[in-house]
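First comes the structure, then the notes that go with it.
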Amino acid sequence: MRAGGFLIPVLLVLAGCKPEPEAPALALHPVPAQQRLPAQVPAPALESGRVSIRGDDALADVLSWTLPEASIEQPARVRAAARRALAKGDLFETEESAIPLLLALRKAQPDNAQDARLLEKARAALLAQAWIALDAGEDLASLRYAQRHGTVLRTLWPALPEAKTYLDAVDRAGQAFDLCVGGERALHAGNLDTPGGALELFRRAQALWPLQTRAQRGIAAVQAALLAGAQAQAAEGDFEGAYAELGRAGRVRSDAEAIATARQRIEATRTDRIRRLGDEGLMALADPAGLQMARERLAEILRIALPGSGAGVALRQRIDLVGHYGLFRPGQVFTDEMADGGRGPALSVLPRGGFSMGAPEDEEGANPDEQPQHPVRFERGFAMTRHEITVGQFRRFVIATGATPRATQRGHSLAYDARSGNFLRGSGIDWQSGYDGRPAGEDMPVIHVTARDAEAYAAWLSEQTGVHYRLPSEAEFEYALRAGGQTIYPWGVGAPPADAGNLAGGKDVSTRGRSWSNAFPGYGDGWWGPAPVGRFAANAYGLYDMVGNVSEWVADCWHRGYRRAPSNGQAWVNPGCRTRMYRGSSWASAPAQARSAWRASGGVDATNARVGFRLVRQL
């Protein structure tokens, strides 16, 4: 319970209660002027609406009344004085009060019926005045005044039934008063509804004296303290504790409206806290280093959210995206800024997921090097250049670094010879050349490059952009090529649909009238040799020319088959290997080589007119 310190006094003021000093005192409403103690009586001192008791002697003065002795020299004059005192309500405090004068007259003249009637009126007035004092209020002055009347009745008429009734009532009122004082002290100490605490004391007071509104206010203050404690716990994120406090408050007294209002405030606090935690989590994800903070915020949301509320869904989804894709999202297309002011190649973000890599045993055209088919799963997404790297893009690298690619160093590469229809070694052919050795356009896929040339370009691009570019692994390439499918060809089964890619088709014809001896019957794409990148439809992952155009280097070394191949999609590399893998069919590939599982190898320094590359960018 957090009802300590400054909280309880504030609640008491709100509930209409005021704390009392250490003496058994209570300050509420002052007694009306006509009912206050006569000036001669040692009364409690009123200070700013509060009662200050002058020690036990003052209480003793109130409770130890002695009949004043009145002198009877002239009975008629004394009788007249008694009448005047009775009319004024001056009944017992001095020798000039009505009851002392009338008792003295009865002693002097026992048979005087007039004095007997006057004394009876005085006794009735005393009882009436006593009940008025008892009912007038709950402040200490009224209680002491009522107790003073009880002392007089006990002294003079102890056997009178009306006196006994009053004395019992004033005794119960006094006990209730003391219990209220104890309850308020317990309330200040934060001892609210525990055994012997404020609530128990106030309820005992209420049972003794049902008219004791001070006890009612004390009970209300206990409930208010518990409700405030519930709200304080909610503000600290302890909603289980808040509802426990709310349950305690509900057991104090029946006040459905107060409980409902407190519940609404708690839920408003919960909603606001969840919203704030969600905002903090999303803001943290703007920084790659903020993932842990975002996860902590999500854990807090899930801890405080109501079951089935769906709270934190947006943050959870964003965390999943960041955890698997960094600051990107699946399907997003973007480019990186380069240090020289330009932009890097366009990239597409591939979704994380899994697939079965390789060819099943019954696949037509499959060979053992593509088997066994095995599961591969990517727990994190990655981005891949949407197109094959172009001559123009590679040129920027060569100019910026002064690099001399391998074909340029040795002065030759394998190119297509239109006269013979074969691939022959030609002098002066390098990355600037097309499939037939002639100069290539800037938007053509760069060919006549080795895997090492491709890796050098990736290293330069990484340096320019500040992020990591590399050749894809063989698994990443096949995953991107299949684009969510598991069929024999990337497009499905059977002949390729129109615009499937730059493939060897039965309708394709070279400039010298040659046609393919092993091609897809009835298919024609209008190109003999590579096409400029992006001329055919993109696949489901937003990637162009994954099938056809040119085959592409990957990071893996050659391995015969997939036994012991990584299952997480990483490149399968042997340090210093001399034979590298390339994947994907080219403009000159036979139909069997257009299969999704097809793979081939080449020397680490090999260059030709059918192999280029694209890159993966890590997220």
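Given the structure is predicted, the values throughout are model-derived calculations rather than measurements. Excluded from the calculations below are hydrogen atoms, water molecules and symmetry mates; all remaining heavy atoms, backbone and side chain alike, are included.
Leu347 has its side chain out of reach of Thr335: every pair of non-hydrogen atoms, C-beta onward, lies at least 4.5 Å apart. Contact annotation: the side chain of Ser567 never approaches that of Arg377 to less than 4.5 Å [non-hydrogen atoms, C-beta and beyond]. Residues Met384 and Pro472 meet the side-chain proximity criterion, which asks for heavy atoms closer than 4.5 Å. Within the 4.5 Å cutoff, the side chain of Met293 has no heavy atoms near those of the Met283 side chain. Between Pro351 and Tyr325, some side-chain heavy-atom pair lies under the 4.5 Å cut-off. By the 4.5 Å heavy-atom criterion applied to side chains, Arg617 and Val467 are counted as neighbours. Between Arg203 and Leu179 the shortest side-chain heavy-atom distance does not fall below 4.5 Å. Under the 4.5 Å side-chain criterion, counting only non-hydrogen atoms from C-beta, Arg343 is not in contact with Met338.
Taken from CG in Leu103 to OG in Ser97, the straight-line distance is 11.0 Å, to the nearest 0.5 Å. With rounding to the nearest 0.5 angstrom, the CD atom of Gln317 is 13.5 Å from the CZ atom of Arg329. Expressed to the nearest 0.5 Å, how far CG of Asp90 lies from CD1 of Ile99 amounts to 9.5 Å. Distance check: Asn191 CG to Thr194 OG1 gives 3.5 Å after rounding to the nearest 0.5 Å. Atom CZ of Arg270 sits about 15.5 Å away from atom CZ of Arg275, to the nearest 0.5 Å. Atom CZ in Arg273 sits 9.5 Å away from atom OG1 in Thr269 (nearest 0.5 Å).
Across all non-hydrogen atoms, the minimal contact from Leu134 to Ala173 is CD1-CB, 3.6 Å.
Look at Arg263 and Glu267 and you find no salt bridge, because none of the NZ, NE, NH1 or NH2 atoms lies under 4.0 Å from a carboxylate O. Comment: Arg148 engages Glu93 in a salt bridge, judged by a side-chain N to carboxylate O separation of less than 4.0 angstrom. A salt bridge between Glu476 and Arg470 is present, with a side-chain N of the basic residue lying under 4.0 Å from a carboxylate O of the acidic one.
A cation-pi arrangement is absent between Arg352 and Phe378, since the terminal nitrogen or guanidinium carbon is not both under 6.0 Å from the aromatic centre and inside a 45° cone about the axis.
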Query raised in the report: salt bridge (charged side-chain N to carboxylate O under 4.0 Å, His left out) between Asp168 and Arg172: does it pass, once the steps are laid out?
Result: CA-CA 6 Å; Asp168 177 67; Arg172 286 185 287 109; 3.1 Å; yes
Query raised in the report: Under the side chain to side chain contact (heavy atoms under 4.5 Å, CB included) criterion, do Asn568 and Glu379 qualify, and how do the steps go?
Result: CA-CA 8 Å; Asn568 59 2; Glu379 292 301 330; over 6 Å; no
Requested in this report: Just do the side chain to side chain donor-acceptor pair (under 3.5 Å) check on Gln147 and Arg144 with the steps written out, would you?
Outcome: CA-CA 5 Å; Gln147 289 172 330; Arg144 293 294 184 249; 2.7 Å; yes
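Counting non-hydrogen atoms of neighbouring residues, nucleotides and ligands closer than 6.0 angstrom, the CZ atom of Arg204 reaches no more than 12 such neighbours.
Considering Arg83, Lys107, Arg79 as possible partners of Asp115, the one that fulfils the salt bridge (charged side-chain N to carboxylate O under 4.0 Å, His left out) test is Arg79. Exactly one of Leu315, Ile274, Leu285 qualifies for a side chain to side chain contact (heavy atoms under 4.5 Å, CB included) with Arg297. That residue is Leu315. When the options Gln231, Glu245, Arg251 are evaluated for a side chain to side chain contact (heavy atoms under 4.5 Å, CB included) with Leu226, the one that passes is Glu245. Screening Trp131, Trp65, Trp157, Phe92 for a ring-ring contact (aromatic ring centres under 6.0 Å, His included) involving His149 leaves a single residue, Phe92.
A donor atom on one side chain and an acceptor atom on the other are not found under 3.5 Å apart for Gln292 and Arg295.
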